Structure formats: structure tokens, C-alpha cells
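These figures come from a predicted structure and were not determined experimentally.
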Amino acid sequence: MEKVLILTSDSNTGYPVPATKGGAVSELVENIIDSNEKNPVFNFELVSIYEEKAEKKAKKYNYTKFHWCTPRTIVNSLDKVIFKIAKLLLKERSKSFKSMLALIQYILFARKILKNNTYDKVIIENTMLLFWTVRGLKKYQGKYYYHAHNLPSTNAFLKKNIIKYY
């Protein structure tokens, strides 16, 4: 079976997998790993934001290993301050700043997992900023896939195009 890492973090890092708090992307990913439990094709590993209920629910999976990223208290506190400032300055466009530091922490956490392991494929769900996890890692060239849930409104600050549009 192929070893596949799934990176899933919405732009505000609020929804873990399993989808104990809801969230369209988290629920979709949970459906994928549920299907794989019934008919195992992949050995999945998944990087998720930590949430106690999600961790308990994740114990039922035999073909998915979870890596839990726990945002530090200081990160959460700073994110709240940044978001308040962004709401004042950007009004309705402030949503992307809700958990910016927690997202950066997730990216660094996931990148370390990618460096220390080898996967046949990497699936990046929804958030273009997650491309920073594979940037410059030659062992994953041609092995990562982006699953867009909407049209990206950013290039994730990447200087060269690492996505091929079909």
C-alpha cells in the first residue's frame, strides 16, 4: 500500500480531523479516511490541529496515523491580538488573519514530518499556504497534489509557480 501524507488545515486552523467541530474540508477528509478503512488502499498519515475529541475519535482508525499539531498558548494569544487589529484595518477581509501564527506553526510542524519521513504522495487540502511544507524538498517533486475547494485568491507568496493548472 502506498504511504500518503494528508495536510489539512483551513486558513483559520479551527477544524481538526476527525471533524469534531465540523468544517467542510475536515468532513471531506474524514470521509476519505473512513472509506479507506472499509476498503484499505492507502496507509494514510494525517497532520491535524490537535483537539481532544478528535484525538479520541482518531483511535478507531487502523490505516491512518495522526500527527497532532498543538498550537502553543502564546501563539493563540498573539493570533487573537493580530486578528483584532486586522478586523479594525481590513474589516471583512480580515478572516485570513484569524490564526495566522497557528497556521505558520502547523506549516513548520508538517514540514519537519516531511523532512524526517518519506511518502509516496502528499495531498495538500484547501490552503495554498501549505505549499510551504514541500517547497524545496526535492524528494517530493512530482509527488504532491493540491485539492482546491475553491478558487485560490493568492499565490501563497511563492516566487515560482509550483502548481500546474489543468
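- Going from atom CD1 of Ile123 over to atom CZ of Phe42 covers 7.0 Å, rounded to the nearest 0.5 Å.
- Between Ile33 and Val17 the shortest heavy-atom distance is CD1-CG1, 4.1 Å.
- Across Leu114 and Tyr119, no two heavy atoms sit closer than the pair CD2-CD1, 4.0 Å.
- Rounded to the nearest 0.5 Å, atoms CG (Leu5) and CG (Asn43) are 12.5 Å apart.
- The same ILVMFWY cluster, assembled from side-chain heavy atoms under 4.5 Å apart, contains both Ile104 and Ile85.
- Closest heavy-atom contact between Leu137 and Arg111: CG-NH1, 3.6 Å.
- No donor-acceptor pair under 3.5 Å is formed between the side chain of Thr133 and the backbone N or O of Ile107.
- Tyr140 and Asn117 make their closest contact through OH-O, 2.8 Å (heavy atoms, listed as atom of the first residue, atom of the second, distance).
- Take Lys139 and apply the salt bridge (Lys or Arg N to Asp or Glu O under 4.0 Å) test, not counting sequence neighbours, and it matches no residue.
- For the residue pair Val75 and Ala102, the shortest heavy atom distance occurs at CG1-N, 3.4 Å.
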Donor-acceptor pairs under 3.5 angstrom involving side-chain atoms of residues 54-72: please list them, not counting sequence neighbours.
| from | atom 1 | to | atom 2 | distance (Å) |
| --- | --- | --- | --- | --- |
| Glu55 | OE1 | Tyr50 | OH | 3.1 |
| Lys56 | NZ | Glu52 | OE2 | 3.4 |
| Lys57 | NZ | Glu30 | OE2 | 2.8 |
| Tyr61 | OH | Asp34 | OD1 | 2.6 |
| His67 | NE2 | Glu45 | OE1 | 2.6 |

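- Minimum interatomic distance between Gly22 and Glu27 (heavy atoms only, all atoms of both residues): CA-OE2, 3.3 Å.
- Remark: Lys121 engages Glu2 in a salt bridge, criterion side-chain N to carboxylate O under 4.0 Å.
- The CG atom of Asp79 sits 9.5 Å away from atom CD of Gln105, with the distance rounded to the nearest 0.5 Å.
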